[in-house]
Amino acid sequence: MPPHHARHSSAARRNMTSSTPNSMAAGQASYDPAAVERKWQERWRVERTNSPDLDGAEHPFYQLMMFPYPSAEGLHIGNVFAFTGNDIHGRFQRLQGHTVFEPIGFDAFGIHSENYALKVGIHPMELIPRNIENFRRQLRRVGLMVDWTHELSTTDPPYYKWTQWIFLKLLERGLAYRGKAAVNWCPSCKTVLANEQVVNGACERCGTPVGQRFLEQWFFRITEYAPRLLADLDWIDWSEVTRTAQRNWIGKSEGAEIEFAFRAPMSGASVRVFTTRPDTIFGATYVVLAPEHPLVDMVTTASEQRVVRAYVDRAAKRDLVARKTGDREKTGVFTGGFVTNPATGAPVPVWVADYVLMEYGTGAIMAVPGHDERDFEFAGRFGLPIVRVVAAKGEGVDTPLASAYTDNVGGRLVNSGQFDGLTVPEGKERIVAWLAGRGAAKATTTYRLHDWTISRQRYWGPPIPVIYCDECGMQAVPEKDLPVVLPYVADFRPDDSGISPLARHEEWYRVPCPECGKMARRETDVSDTFLDSAWYFLRYPSTEFEDRAFDAGRTKRWLPVDSYIGGNEHAVLHLLYTRFVTMVLHDAGYLNFEEPFKKFRAHGLIIRDGAKMSKTKGNVVNPDEYIERWGADTLRTYLMYLGPFDEGGDFRDSGISGVKRFLDRLWASSHEMRSDGAPDDAVMRKLHRTIRKVTEDTARLSYNTAIAAMMEYMNTLRSNERVPHRAEVEPLVQLVAPYAPHVADELWERLGHPDTIFSSRWPSFDPSLATEEEIEVAVQVNGKLRGTLRVARDVTQDQVLAAALAVPAIAKFASGTPKKVIFVPGRLLNIVW
RNA sequence: GCCCGGGUGGCGAAACGGCAGACGCGAGGGACUUAAAAUCCCUUUCCCUUUGCGGGGAGUGCGGGUUCGAUUCCCGCCCCGGGCACCA
């Protein structure tokens, strides 16, 4: 149901095209967002308003938003929310005098695109450009300050040439390697997934339970960077939630590796375990190996061979889902072998159980059932001894353990020989030192983070630039031969073989060896999409250079990114890989910074009717509809007004009319205002307070309260049908500009300014005007509010107290001299009798 | 289970430890108008009391605590959302 202005729209449009500066007084047209937005989007394009001088900017500001994946469904309202939040910040910085670069691009490679292409039966090379075109159209309508001359798509050969180049840099530095490994295999997408892409044991993309496969894969040695990736989190200016997520993902654990020597008949060998609780070693009553552990065969005695073999086989077949989720009932088998507890000298049995994971620590643990829940459960189930070695206050060696006692702060060591009575931290240190002295232990740090699997047995990605030669072995594709272009192949469907579709195209993969010239074979896997997006921000300022990934001068001027705002769903994927790649390029001498973003802020999620938007739920909001009905300016401002930007919010139709009304009133005020005489003093004070608040709130992304402040000022401007003065209105148009750029530019022009409002300077506030002369002070008696007083701003405590005592409603509580008087200047007076 | 968020009117939400509910939506009433729209004005947490003006009390998920004063800080719970999940 289009609002009131619909029937005026054609008249409005006529009026607008003929409007000239200063024509406002004559025949004001009502606000027609569609016409205004069309006009200004065109003007900005023609005048290149949003293309900064990348080489000459004196105060560069790089505002980066997370580039979208161009889905067939088109732009999502969540994208609009995120981009608007970025755009407001970028426009605000520009009004502050910065030269702002706000680029956008498309993250168009990857499984998501490819799966959709398979579903609709259209080749991605046709589908993706179509989707991108639709995204461009929609993005333009939102009115973003995007520099379209630096647009990029990860699927363009001039872009992925450099993605491949980055792969080669990692290869050169020994950070890319091939290895056969148990990998997550999605049977539906028929490809390998990184750990980060497995959600609850299922494929992040399609939801199919993920299985386990052993495949030869390319890995990036991100674990080598774990300590640095972790350390920098202490100082980078990022949202705390994101830093915490990364910290947890990297998962640093300090502890020790301890050797448990095998007993006869295998004397001489030993198994190394990792533990974070070396203090509990006197309570280690058995040792557990992961089923994949290389020592399993060796330790297993002849009599146990059959059972152990069967268990190991079953574990190998059991996919990672069943093992990592669902029923977690502990299982395991005894190997028949024994090792010696290096602290007690006692023999302890060696078991195999799948609750121990090969990929973490050493793949073997010392089990301390008394002080570890999992070990407690396992020991209970298999009748293994449970020994107490830590006791809380009031407990002794013999206090029975109904469950594992895992507290590592309050307890004291017991049953631990010479170490009895120590606290847990003391025990850790002393026991490790003691064992280390005998060569049986060393303090170590372990990380949860795994190396990054980047091979994808799929079609839609950049081919990994490597050639295998029977004579010379694995060869990197020489830089001059980049890009290795992804060929158009009609049959790009993956199959169960675990081999990439490109491996079916001999005409493509047969190439001469760059070293010896004999026929060799290209790598037929492509790389993970997350590699594409790990460096895109480096490319934007340099899109016109074909002979380098990023130009040194441009990079020096524009990077690192000043402000990056995006969804926290990327906290441990994109944002971690990006930091890693940046560090590697820094170490390789290509960048002089190792952290890519000076500032990162996570925004919230837009939901609908309390639920995440999805096609199946049918609650997807199409931005086009809202832009048509209300205009982009209203939609933008409304999305920001919904709630705190970092929390997101529930998108409902109710409320959007209030924002439209606000812009209508801004329009009306700009036309009705008077220019003669002087502005109202009280209104001007309110204006300066508003400028201060909007400036502060916009800077810290508190958009909802900034908008509220502008609305409040609008109420002041128009209260009791007063006619506002030009000096009262004009600055408001500027304050609104980051939020509702089209209407602001239109009104700015109508106010007689020939240039875009975005080349004007943000209004400043006068601190003395921003302060009220008279203030209201709350008067409390014994902490309870009993009245308020209007007093001069700079009154003293005694003056307020005297005034308060003169008020009967307060004086009636008086009983002698007050025990205490608390005075908060400008706020309140509390009298305690 | 662990780690993050969050819980405030009919609704979305504000609130440096200092007048809880700004701003907006919705609802009700009024002015202007032939009428409508637009605009402007008033009311809108709950309970008690008062013919009215007014007065009193309770109240920010629950229970404690610190403080002259707590939505805000501390301790212990409950509920909702998200993430991680046998990580030794």
Side-chain angles (χ1 to χ4, degrees), chain A residues 3-5 7 30 199-201 240-242 244-245 247-249 251 253 255 273-277 280 288 323-325 328-330 353-357 359-368 372-375 377-378 446-450 568-569 571-572 604-605 607 610-612 638 641-644 646-659 661-662 664-665 668 672 702 704-715 718-722 776-788 809 818-824 826-833:
Chain A
H4 47 275
H5 53 75
R7 59 200 152 98
S30 67
V199 176
N200 281 329
E240 192 53 46
V241 280
T242 312
T244 304
R247 254 185 218 116
N248 292 341
W249 190 262
S253 286
V273 304
F274 174 74
T275 179
T276 55
R277 292 294 304 276
T280 61
V288 188
R323 181 158 165 190
K324 287 194 170 177
T325 62
R328 296 267 194 75
E329 195 120 304
K330 298 272 181 298
D354 68 2
Y355 80 92
V356 174
L357 308 174
E359 72 254 30
Y360 184 77
T362 61
I365 62 155
M366 63 175 210
V368 185
D372 180 279
E373 280 165 23
R374 295 150 303 183
D375 298 343
E377 185 195 332
F378 191 84
T446 297
Y447 297 89
R448 243 183 56 127
L449 186 69
H450 297 321
N568 212 35
E569 67 272 19
V572 292
L605 187 71
I607 56 171
K612 229 171 166 168
Y638 177 58
Y641 188 57
L642 222 46
D646 59 355
E647 283 174 29
D650 199 339
F651 189 91
R652 292 162 203 264
D653 288 5
S654 68
I656 193 166
S657 62
V659 170
R661 223 170 67 88
F662 168 70
D664 280 338
R665 297 201 299 164
E672 293 160 3
S702 181
N704 57 332
T705 53
I707 294 165
M710 291 188 276
M711 287 176 166
E712 200 179 324
Y713 177 62
M714 177 70 75
N715 291 341
R718 299 177 65 84
S719 74
N720 288 305
E721 303 194 311
R722 74 185 288 278
E776 229 177 39
V777 169
V779 181
Q780 296 182 340
V781 175
N782 298 333
K784 272 197 187 305
L785 182 72
R786 295 297 174 184
T788 58
K819 278 203 226 91
K820 198 168 183 179
V821 176
I822 291 104
F823 180 59
V824 183
R827 290 238 169 229
L828 103 173
L829 180 78
N830 185 12
I831 310 168
V832 184
W833 267 295

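Order of the sequence lines sets the chain letters (A, B, ...), proteins ahead of strands, with each chain counted from 1.
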Please pick, from B:rC19, B:rA85, B:rC41, the nucleotide with the shortest atom-to-atom distance to any side-chain atom of A:N720. B:rC41
Distance-minimising heavy-atom pair for A:A708 and A:Y641: N-CE1, 4.1 Å
Can you sort out the partners of A:E712 under salt bridge (Lys or Arg N to Asp or Glu O under 4.0 Å), two or more places apart, ordered by chain and number? A:K686
For A:S719, report the nucleic acid contact type (base, sugar-phosphate, nothing); a contact means any heavy atom under 4.0 Å. sugar-phosphate
Is there a side-chain contact between A:R665 and A:N715 in this structure, where contact means two heavy atoms from C-beta onward sitting under 4.5 Å apart? yes
Taking atom P of B:rC84 as reference, at what distance in whole Å does atom CG of A:L449 sit? 14 Å
Give, for atom CD of A:E569 and atom CG of A:L605, the distance between the pair rounded to the nearest 0.5 Å. 7.0 Å
Gap separating the CZ atom of A:F823 from the CG atom of A:L828, nearest 0.5 angstrom: 9.0 Å
To the nearest angstrom, how far is A:D664 atom CG from B:rC25 atom P? 12 Å
Counting any heavy atom closer than 4.0 Å, what does A:V241 reach on the DNA or RNA strands: base, sugar-phosphate only, or nothing? sugar-phosphate
I'd like the P distance from B:rC73 over to B:rC19, given in whole Å. 16 Å
For B:rG55 versus B:rC62, give the span between their C1' atoms, rounded off to a whole number of Å. 32 Å
Heavy-atom nearest nucleotide on RNA chain B for A:R665 versus A:N715: which residue maps closer to 5'? A:N715
Of all residues at least two apart in sequence or in a different chain, which pass the ring pair (Phe, Tyr, Trp, His ring centres under 6.0 Å) check with A:Y638? A:F651
Figure out the CE/C1' separation between A:M711 and B:rC25, and round it to whole Å. 10 Å
Between P on B:rA88 and CG on A:D354, what's the gap in Å once rounded to a whole number? 17 Å
Of the nucleotides B:rC19, B:rC4, B:rA85, which has the atom closest to the A:E776 side chain? B:rC19
Considering non-hydrogen atoms only, spot the tightest contact between A:R718 and A:A668 and give its length. NH1-CB, 4.0 Å
Annotated protein contacts, base or backbone, on nucleotides 7-15 of chain B with a non-hydrogen cut-off under 4.0 Å, one of B, S, - each: -----BSS-
Output the distance between atom NZ (A:K819) and atom CG (A:N782), rounded to the nearest 0.5 Å. 7.0 Å
Residues in side-chain hydrogen bond (donor to acceptor under 3.5 Å, both in side chains) contact with A:R247, at least two apart in sequence or another chain: A:D234
Nucleotide nearest A:V824 when distance is taken to its side chain, options B:rC19, B:rC86, B:rC16: B:rC16
Could you go through nucleotides 58-61 of chain B and list every protein N or O atom that sits under 3.5 Å from one of its N or O atoms, giving the distance for each pair?
residue: B:rA58; atom: OP2; partner: A:K784; partner atom: NZ; Å: 3.4

Gap in Å between the two C1' atoms, one belonging to B:rU34 and one to B:rC53, rounded: 39 Å
Range-with-range stems for RNA chain B, at least three Watson-Crick or G-U pairs under 3.5 Å: B:1-7 with B:78-84, B:10-12 with B:23-25, B:26-31 with B:39-44, B:45-49 with B:54-58, B:61-65 with B:73-77
Take atom CZ of A:R247 and atom C1' of B:rC84, then tell me their distance rounded to the nearest Å. 16 Å
Looking across every strand, which nucleic acid part, if any, lies under 4.0 Å from A:E712 by heavy atom: base, sugar-phosphate, or nothing? sugar-phosphate
Take atom P in B:rC41 and the same atom in B:rG24, then report the distance between them in whole Å. 11 Å
Looking across every strand, which nucleic acid part, if any, lies under 4.0 Å from A:R661 by heavy atom: base, sugar-phosphate, or nothing? sugar-phosphate
Do you know the tightest heavy-atom contact between A:V832 and A:I822? CG2-CD1, 4.3 Å
Contact class for A:E373 (heavy atom, under 4.0 Å): base, sugar-phosphate, or nothing? nothing
Mapping A:A245 and A:G363 to their closest nucleotides on RNA chain B, which lands nearer the 5' end? A:A245
At a cut-off of 3.5 Å, list every protein nitrogen or oxygen paired with a nitrogen or oxygen from nucleotides 71-74 of chain B, distance to 0.1 Å.
none

Pairing residues for A:R722 by the side-chain hydrogen bond (donor to acceptor under 3.5 Å, both in side chains) criterion, not counting sequence neighbours: A:E728
P gap between B:rG12 and B:rC2, integer Å: 30 Å
Only one of A:D372, A:D375, A:T280, A:V288 passes side-chain contact (heavy atoms from CB on, under 4.5 Å) with A:M366, and that residue is A:T280
Please enumerate all residues that pass side-chain hydrogen bond (donor to acceptor under 3.5 Å, both in side chains) together with A:S657, with sequence neighbours excluded. none
Of all residues at least two apart in sequence or in a different chain, which pass the side-chain hydrogen bond (donor to acceptor under 3.5 Å, both in side chains) check with A:S702? A:T705
Starting at CG of A:N248 and ending at P of B:rC2, how long is that distance when rounded to a whole Å? 14 Å
Identify each atom pair where a protein N or O and an N or O of nucleotides 65-68 of chain B are less than 3.5 Å apart, giving names and distance.
residue: B:rC68; atom: OP1; partner: A:K820; partner atom: NZ; Å: 3.2
residue: B:rC68; atom: O2; partner: A:N830; partner atom: ND2; Å: 2.3

For B:rG9, measure the glycosidic angle (O4'-C1'-N9-C4 for a purine, O4'-C1'-N1-C2 for a pyrimidine) and name it syn if it falls within 90° of 0, otherwise anti. syn
For B:rC23 and B:rG9, measure between their C1' atoms and round to the nearest Å. 14 Å
Would you mind telling me which of B:rG57, B:rC40, B:rA88 lies closest to the side-chain atoms of A:V356? B:rA88
Ignoring hydrogens, what is the shortest heavy-atom contact between A:T276 and A:S253? Give both atom names and the distance. CG2-CB, 3.9 Å
Could you measure the distance from the CG atom of A:L642 to the CZ atom of A:R652? Nearest 0.5 Å is fine. 9.0 Å
With A:F378 via ring pair (Phe, Tyr, Trp, His ring centres under 6.0 Å) - residues at least two apart: A:Y286, A:W351, A:Y355, A:F382
If I compare all heavy atoms of A:T242 with all of A:A571, which pair ends up nearest, and what's the gap? CG2-CB, 3.9 Å
In whole Å, I'd like the distance from the CD atom of A:E359 to the P atom of B:rA88. 13 Å
Nearest-neighbour nucleotide for the A:W249 side chain, B:rC40, B:rC16, B:rA85 considered: B:rA85
Could you check whether A:R718 gets within reach of a base, just the sugar-phosphate, or nothing at all, counting any heavy atom under 4.0 Å? sugar-phosphate
For the C1' atoms, the ones on B:rC46 and on B:rG59, what distance do you get once it is rounded to whole angstrom? 8 Å
Distance, rounded to the nearest Å, where A:I831 contributes CD1 and B:rG69 contributes P: 15 Å
Nucleotide nearest A:L828 (side chain, heavy atoms from C-beta), chosen from B:rG18, B:rA20, B:rA22: B:rG18
Heavy-atom closest contact (A:A778 atom, A:L785 atom, distance): CB-CD1, 3.7 Å
